[in-house]
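Reading through the structure tokens given below for one structure.
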Amino acid sequence: MAKQRFKIPATLDVSYFDMEFNVKSKNGVGINRPVSAKVILFALLAAFGWFYLIFQTFIGKGGVPLIIGFTIAWVALSVLLVKADKTNRTGLELVFSMINYLPKSGRYVPVRMSDAVYPLQHLLNIKTVDPEDGRIHYLDGQIGYCYHVVGSASALMFEQDKQIILDKVDSFYRKLPVGVEVIYDTVYEGHSVDEQLEAVRRTKKELNVKSKGLNTLLKEQHDILKYAINNNQGLTSLHQYLVVRAPSEAALTEFENLLIGDVEADGMMFRLAKTLNYKEMERYLKSLLGAQK
């Protein structure tokens, strides 16, 4: 039977600073949600900093108006830096990311042929893509592939089929090899009809009957596919890609067997999974970077 409730598993990348405490008293007075240890620590440091600046520096000797103005500014800044977001990250932790983002070099990555390739590699974490099979080599030594996937879920499915798919998805992730990471990318893009064009060319080449009408029909099909449908941004549809990262060849092979097994067995989770070759990877990365062909 399919699960009725789902949750995001807690991350293992935690420390003592991520421990949460309930600061609400028995009579209900206090903060309505748990507060992490780092938020409490930052708040205490901000309070000690205020006391030090008021009583040990010239600020406390500037009179009541200066103390009040400084206190308001200090409290506003402290709240901005101490307050945690929904991912439990404080504003102070985001300051370092902001510092890296402020320089123009941190916000702008040139991709001209004459520019250095390392900034782009660092942005994508991709070192190279094999021209033979489209295998991705990451900067951290991991390897992987990118797949064009088609799922089986639909809003029009019967409740029983939904439960079967949920069970299959749960089983798939439980069997996922250790260290393997999967990334889903859902985009709107034009249709790629390379396979259909190749089928039309093959049909024309293997045509044994000399017929002007058939040749005209095949040419019309070729022109419609190539000029009217192929990558036409006015005919976009939803496409989903799966990018896999594996720490070793064995882990990648194990994931491929798991993926192929699902597609070939019942296709409940993935109805189709096609590995992108080098040309298709080039097209996919161009779409990510907003480059035009």
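Treat the numbers as computed from the prediction; the structure is a model and nothing was measured.
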Output side-chain donor-acceptor pairs under 3.5 Å for residues 139-146, partner residues at least two apart or in another chain, one line each.
residue: Asp140; atom: OD1; partner: Gln142; partner atom: N; Å: 3.2
residue: Asp140; atom: OD2; partner: Arg245; partner atom: NH2; Å: 2.8
residue: Gln142; atom: OE1; partner: Arg245; partner atom: NE; Å: 3.4
residue: Gln142; atom: OE1; partner: Arg245; partner atom: NH2; Å: 3.1
residue: Tyr145; atom: OH; partner: Asp133; partner atom: OD2; Å: 3.1
residue: Tyr145; atom: OH; partner: Arg135; partner atom: NE; Å: 3.2
residue: Tyr145; atom: OH; partner: Arg135; partner atom: NH2; Å: 3.4

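- Cluster annotation: Val187 and Tyr284 are assigned to the same hydrophobic cluster (Ile/Leu/Val/Met/Phe/Trp/Tyr, side-chain heavy-atom contacts under 4.5 Å, transitive).
- For His148, the ring pair (Phe, Tyr, Trp, His ring centres under 6.0 Å) test picks out His239, Tyr241, with sequence neighbours left out.
- Look at Arg201 and Glu198 and you find a salt bridge, because one of the NZ, NE, NH1 or NH2 atoms lies within 4.0 Å of a carboxylate O, short of that distance.
- At a threshold of 4.5 Å between non-hydrogen side-chain atoms, the residues Asn277 and Glu280 count as touching.
- Under the rule for a side-chain contact (heavy atoms from CB on, under 4.5 Å), the partners of Val149 that lie at least two apart in sequence or sit in another chain are Tyr147, Gln240, Leu242, Phe270, Ala273.
- For Asp115, the salt bridge (charged side-chain N to carboxylate O under 4.0 Å, His left out) partners two or more places apart in sequence, or in a different chain, are Arg112.
- Residues Tyr278 and Met281 share a hydrophobic cluster, clusters being chains of Ile/Leu/Val/Met/Phe/Trp/Tyr side chains in contact below 4.5 Å.
- Side-chain contact between Met269 and Ile165 is absent, with no heavy atoms from C-beta onward closer than 4.5 Å.
- The CZ atom of Arg174 sits 13.5 Å away from atom CG of Leu258, with the distance rounded to the nearest 0.5 Å.
- Proximity of a side-chain donor or acceptor of Glu264 to a complementary backbone N or O of Gly261 within less than 3.5 Å is not detected.
- Without hydrogens or angle criteria, Asn257 side chain to Thr253 main chain gives a donor-acceptor distance under 3.5 Å.
- Minimum heavy-atom separation, Pro247 to Gly179: CD-O, 3.4 Å.
- With sequence neighbours excluded, no residue forms a side chain to side chain donor-acceptor pair (under 3.5 Å) with Lys83.
- Side-chain heavy atoms closer than 4.5 Å link hydrophobic residues (I, L, V, M, F, W, Y) into clusters, and following such links, even through other members, never connects Val64 to Val75.
- Under the rule for a side-chain contact (heavy atoms from CB on, under 4.5 Å), the partners of Val39 that lie at least two apart in sequence or sit in another chain are Val35, Ser36, Val82, Ala84, Thr90.
- Crowding of Gln160 atom CD: a count of heavy atoms from other residues, nucleotides or ligands under 6.0 Å not exceeding 12.
- Residues Val243 and Asp185 form no side-chain contact, since every pair of their non-hydrogen atoms from C-beta on lies 4.5 Å or further apart.
- Arg271 pairs by the side-chain contact (heavy atoms from CB on, under 4.5 Å) definition with Val150, Ser152, not counting sequence neighbours.
- Using a 4.5 Å heavy-atom cutoff, the side chains of Lys286 and Arg283 are not in contact.
- Using a 4.5 Å heavy-atom threshold, the side chains of Lys204 and His222 count as separate.
- For Glu93, the salt bridge (charged side-chain N to carboxylate O under 4.0 Å, His left out) test picks out Lys38, with sequence neighbours left out.
- Here the shortest heavy-atom pairing between Ala251 and Pro177 reads O-CG, 3.9 Å.
- Using a 4.5 Å cut-off on side-chain heavy atoms (C-beta onward), Lys212 and Thr216 make contact.
- Here CG of Leu252 is found 4.5 Å from CD of Glu256. Values are rounded to the nearest 0.5 Å.
- Contact check for Leu77 versus Leu81: side-chain heavy atoms found under the 4.5 Å cut-off.
- Among residue pairs with one or both ends in residues 119-132, those qualifying as side-chain hydrogen bond (donor to acceptor under 3.5 Å, both in side chains) are Asp130-His137; sequence neighbours excluded.
- For Phe42, there are no ring pair (Phe, Tyr, Trp, His ring centres under 6.0 Å) partners two or more places apart in sequence or in a different chain.
- Grouping the Ile, Leu, Val, Met, Phe, Trp and Tyr side chains by contacts below 4.5 angstrom, directly or via other members, places Val244 with Tyr173.
- For the pair Ser171 (side chain) and Asp167 (backbone), a donor-acceptor distance under 3.5 Å is absent.
- Looking only at distances, a side-chain donor or acceptor of Asn100 sits under 3.5 Å from a matching main-chain atom of Phe96.
- From Ile224, atom CD1 reaches atom CD of Gln196 across 13.0 Å, with rounding to the nearest 0.5 Å.
- For Phe70, the side-chain contact (heavy atoms from CB on, under 4.5 Å) partners are Trp50, Leu53, Ile54, Ile59, Trp74, not counting sequence neighbours.
- Residues meeting the ring pair (Phe, Tyr, Trp, His ring centres under 6.0 Å) test with Tyr138, sequence neighbours left out: none.
- Placement of Val129 and Tyr118 in two distinct hydrophobic clusters is found when ILVMFWY residues are connected by side-chain heavy-atom separations under 4.5 Å, directly or transitively.
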